[in-house]
Number of protein chains: 2
Amino acid sequence: MDVVVIGGGACGLKAACRAKRRNEDLNVTVVDSSPYPSLGRCGLPYYVGGIVHSVEDLRKTLAGVVRDEEYFKTVKGIDVLSNTKATEIDRKRRTVRIVRDGSEDELNYDYLVIATGSRPVNLNVPNSDAEGVLTLHNPEDAEKILEMWDEGVLEKAVIVGGGLIGMEMVEALSNLDVKVTVVEIMDHILPMLLDREMSMLVESYLREKGVEIMTNSTVSEIVTKNGRVCGVKVNGKEVECDLVLVAIGVKPNVDLALECGLEVGKFGIKVDERLKTSDERIFAGGDCVENVCLITGKPIYTPMGSVANRHGRVIGDNLTGGDSIFPGVLGTTIFKIFDLNVSRTGLTEKRARELGYDVVTCLVSGPDRAHYYPHQKPIRIKLIADKSGRILGAQIVGFGVVDKRIDVIASAIQMKANVKDLANFDLAYAPPYSSAMDTLTHSANTIRNKIEGLLETVSCFDLKEKIERGEVVVLDVRSEEEVKKFKRIENSIHIPQNELRERYDEIPKDKEIVIVCQIGARSYEAYRFLKSKGFNCKILEGGMAFWFW
Amino acid sequence: MDVVVIGGGACGLKAACRAKRRNEDLNVTVVDSSPYPSLGRCGLPYYVGGIVHSVEDLRKTLAGVVRDEEYFKTVKGIDVLSNTKATEIDRKRRTVRIVRDGSEDELNYDYLVIATGSRPVNLNVPNSDAEGVLTLHNPEDAEKILEMWDEGVLEKAVIVGGGLIGMEMVEALSNLDVKVTVVEIMDHILPMLLDREMSMLVESYLREKGVEIMTNSTVSEIVTKNGRVCGVKVNGKEVECDLVLVAIGVKPNVDLALECGLEVGKFGIKVDERLKTSDERIFAGGDCVENVCLITGKPIYTPMGSVANRHGRVIGDNLTGGDSIFPGVLGTTIFKIFDLNVSRTGLTEKRARELGYDVVTCLVSGPDRAHYYPHQKPIRIKLIADKSGRILGAQIVGFGVVDKRIDVIASAIQMKANVKDLANFDLAYAPPYSSAMDTLTHSANTIRNKIEGLLETVSCFDLKEKIERGEVVVLDVRSEEEVKKFKRIENSIHIPQNELRERYDEIPKDKEIVIVCQIGARSYEAYRFLKSKGFNCKILEGGMAFWFW
């Protein structure tokens, strides 16, 4: 039986190898248009940033062997044709037309796998084809950036797009001491990944690190000098730069699929849960297909190496008489920028509200291990659920360990957990790893408190407006030392938490009170007490940790 | 309404504070026999090891305030009576008799919480009351160890018991440059937590670090000189030491509960899922109660600070008209010993087999982040499931990040996940955090392969026996460089993986072949190929990474 795979990336090669392992009698041919099949593209930003030292390293096995054509032939028993372009699929005759070294050929298939990946979206403005305007998709892109750096002509870069790849490139370029400006069209960076208050944590950190962030901003033109980039026009003004890195997203390579009449959706080739396309003989996976969101059941585009790998295994099984299901995705994402870890899964609050969910959220800050253990670092969690307690999403940002917590929440969502379940997960506890009541557990319990009506909050955005309109009195319950050390909201009343039970009659009873502390825990305590005394009060969501001056 | 709480540890104080927050009108009194309520006892080993600098730090809030009687009174509005012993519960009159400063008193309750914790099991051998024989349960124990060290009379220590506390104390004492010997009665350390092959990884690392490990060993006598410890008799021979640290477990403090006629099980006070005892008016939680294993539904003893905290919240809710459930535990445990991270959850293979489960396991090694990313470190996973794929337990050991993976598996077990679910969890992927197909995902897929019959393995223990009996031929498929660098099993055939498709006729067809490589991945590849050629083969479970010479 002949299996042809178009695309030698994560999904295609995984599908090919898995199928061959399950059935040694298969003839498997993988066609790849690039000269470097099996390249871990996710590693390219780290190559630019000098963290990974060679592109070859991104093609190696664990044991250090480069996964080239020879490797696939001798070890895996499959034929990989690099520098080979698939130009046409004939579904009736079950053939794929290919071009290799300028000459055409045809491959027969019993089963075909389309794993053609994605390509970067280009910037559609004047001069966007000038020298010095790049995307980062191939090793050649990385080499061009490094050449410019070697030649000493790379001092300033503009990254167009404040999404995931943009952020990874901020770190990479900053590692090269390049001064970076990020231009983002929306009102905050990472708009598809984070809600505004979480993205502002990233933004303010990047500013501290010397990165310029321009939100609500559009690049209207590339400015050139002798055919080379020398700047970009943003909101009408010129920003000087030597390099424009376009990181406004990728789109699925669906041309072959469209041309042969396969069903293609808004976000890529349509596949069922076995990753079969509208043709019984054709499977598809990786960046070129449309995924299904596990929460909403709706189509979603998630071009991720991890998803592509899992797709590959499912296809390899189903190609060979197996029955494997790919259930869907949550859009779980993580990245590191300098020392900050940023992660998210599921729906943002914004998206959940758009979809009509009855949303409850919380912002919780805490240490990533026992607070008395050295080197503990803070993390901030936004947890999003509906009124029944079903978990819809989460965002975690911090210098502390966030990947562990986001993975637990992703696992919980995947298993349709309620915040009650999450709060009682028997997670591993010892002081070097977490708190006895971990910040994650605390976030689940905070949602439970809100659902039970034990707690009402006001967001930092709403509180600012309320203060401006003179609608509220702010009560600060932090200690004397803290209010001396940190700024206090103007005109706030200050009663330290430990004096509140004695001094609460100093607080006006006829006004709305908003209680603030550093991270919200003491405000909650104060809230419960004042509520019992008949005050009309709320607390600042997340505490002063989420306040922006 | 009067609420009395006996025990000012994690559970008791959490229950008290939670109840008071829910209902400000409660009169809450917490009785604690120690002078230091709210002590994070889990931190004591780190105090001994010099990582935490003061016992006071173990009583502080996140904001740095010591949680003493004054704190609980002014901030929480509850009365904490330290140095106060509860001596009797009168269930008919609903009173608790207490002794404080030598005088007796009585407290009335509408609801009572028993959170009396646990105490260390003592060593029952001659001279076990000698000076220098200690447990580590209270700050006084820690101070005694540190005093000995300050006086320069602590050079050698014997730790009796190779369990969790024993291991934490190995690190603490080694930090003080004390030469440590661990005496363990079973055939491997951590017998309740890890299966033998996983515990051997810890054992061999500890030996490298200069720790002496004596398994299958019993202390029969403490040897003294002028009333002080100078050694222990182990298996009839004397081992010199200045300190004997007894770490053979803790037992629940159930005396008060027994005396007032509450139901007490094998592992502690019996409670229902609302943590109510056999008396409607009495709740109990923390180290003094029996928990339920979420997998087996059977009673289990899990004296953990994290569990006690969760218990406290459930009790606080149910005391005040709420309806909170504590579902049970998995016995998830983690500890750090020098640079090694050791974790586990659910059932061990041994325990699962004793309970009659039809068990499938795998041993998988891999990096904790993308293998091309710097500072990636290895982790080793043992995953345990039944033949339907239901996950029963896991053990993860390594210099890399293990807590994340054990937490995901614990979450999966708690939600009754199958390995198929786990394999498709949409976990956070980026090169600094994990592999595109993470070692965890790989472990779930390996179990799936075994269930599907794609793979048969032999444990290192069985292979050793088979080799001794001359029953097998070992085929080593590692590279030339690897077999030069690492030792090879005697008389094994060596055919590097990339030559196997050419040279497989060199392998005898009439014998059982066991294929080995470094971590099992290449053996699996070779297995699938040789199987298709009609060979009778298996692979070494986990590869040479689990081989002990």
Side-chain angles (χ1 to χ4, degrees), chain A residues 10 21 24 40 42-43 46 51-52 57-58 62-63 74-75 77 304-306 309-310 313 326-327 329-330 332-336 343 370-374 403-404 406-408 410-412 414-415 417 421 424-433 436-437 445 497-498 501 518 525 528-529 532, chain B residues 10 21 24 40 42-43 46 51-52 57-58 60 62-63 74-75 77 304-306 309-310 326-327 329-330 332-336 343 370-374 403-404 406-408 410-412 414-415 417 421 424-433 436-437 445 497-498 501 518 525 528-529 532:
Chain A
R21 272 197 298 272
E24 174 66 25
C42 330
Y46 306 98
I51 291 167
V52 170
D57 286 347
L58 304 179
L62 266 181
T74 59
V75 170
M304 297 282 293
S306 49
N309 259 288
R310 291 201 294 276
R313 189 180 197 275
F326 185 77
V329 299
L330 295 171
T332 312
T333 308
I334 192 165
F335 64 91
K336 186 177 93 62
S343 66
H371 61 280
Y372 53 76
Y373 197 84
D403 55 338
K404 172 164 81 169
I406 208 74
D407 276 358
V408 168
S411 308
Q414 196 127 2
M415 297 304 292
D421 300 311
N424 280 309
F425 276 3
D426 192 9
L427 304 175
Y429 162 62
Y433 303 95
M437 182 70 96
N445 282 331
Q497 188 195 22
N498 60 345
R501 284 170 182 273
Q518 203 55 35
E525 198 86 41
R528 295 301 305 161
F529 174 71
S532 80
Chain B
R21 271 198 297 271
E24 173 66 26
C42 330
Y46 306 97
I51 291 167
V52 171
D57 287 348
L58 304 179
K60 285 182 184 163
L62 267 181
T74 58
V75 170
M304 297 282 293
S306 49
N309 259 289
R310 292 201 293 277
F326 185 78
V329 298
L330 295 171
T332 312
T333 308
I334 192 165
F335 64 91
K336 186 178 93 62
S343 65
H371 62 280
Y372 53 76
Y373 197 84
D403 55 338
K404 172 165 80 169
I406 209 74
D407 275 359
V408 168
S411 308
Q414 195 127 3
M415 297 304 294
D421 299 311
N424 280 310
F425 276 2
D426 191 8
L427 304 175
Y429 162 62
Y433 303 94
M437 182 70 99
N445 282 332
Q497 188 195 23
N498 60 344
R501 284 171 181 273
Q518 204 54 34
E525 198 85 42
R528 294 301 305 161
F529 174 71
S532 79

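Just so we're on the same page: letters track the sequence lines, and every chain starts at 1. Source: prediction; values computed, not measured.
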Considering only heavy atoms, which portion of [X] lies under 4.5 Å from any heavy atom of chain A: side chain, backbone, both, or neither?
| X | result |
| --- | --- |
| Ala10(B) | neither |
| Gln518(B) | neither |
| Ser343(B) | neither |
| Met304(B) | side chain |
| Ala417(B) | both |
| Phe425(B) | both |

With respect to chain A, which residue among [options] yields the maximal number of heavy-atom pairs within a distance under 4.5 Å?
| options | answer |
| --- | --- |
| Ile51(B), Asn498(B), Asn424(B), Thr333(B) | Asn424(B) |
| His371(B), Gln414(B), Lys336(B) | Gln414(B) |
| Ala410(B), Gly40(B), Pro327(B) | Pro327(B) |
| Asp421(B), Val75(B), Ile406(B) | Val75(B) |

How close do [X] and [Y] get, heavy atom to heavy atom, and via which atoms?
| X | Y | result |
| --- | --- | --- |
| Asn309(B) | Ala436(A) | ND2-CB, 3.2 Å |
| Pro431(B) | Cys42(A) | CG-O, 3.7 Å |
| Ser411(A) | Leu427(B) | OG-CD2, 3.7 Å |

When only pairs under 4.5 Å are counted, which of Val52(A), Leu62(A), Asp403(A), Asp57(A) shares the most heavy-atom pairs with chain B? Asp403(A)
Among the options Met415(A), Arg501(A), Glu24(A), Met437(A), pick out the one with the most heavy-atom pairs lying under 4.5 Å from chain B. Arg501(A)
Applying side-chain hydrogen bond (donor to acceptor under 3.5 Å, both in side chains), name anything that partners Tyr372(B), two or more places apart in sequence or on another chain.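 Listed in chain order: nothing, the list is empty.
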Could you check whether any side-chain heavy atom of Tyr46(A) comes within less than 4.5 Å of a side-chain heavy atom of Pro432(B), counting everything from C-beta outward? yes
Side chain, backbone, both or neither of Tyr433(A) within contact of chain B (heavy atoms, under 4.5 Å): both
Would you give the length of the straight line joining atom OG1 of Thr74(A) to atom CD of Gln497(B), rounded to the nearest 0.5 angstrom? 8.0 Å
So, the side chain of Thr332(B) versus the backbone of Asp426(A): is there a donor-acceptor pair under 3.5 Å, distance only? yes
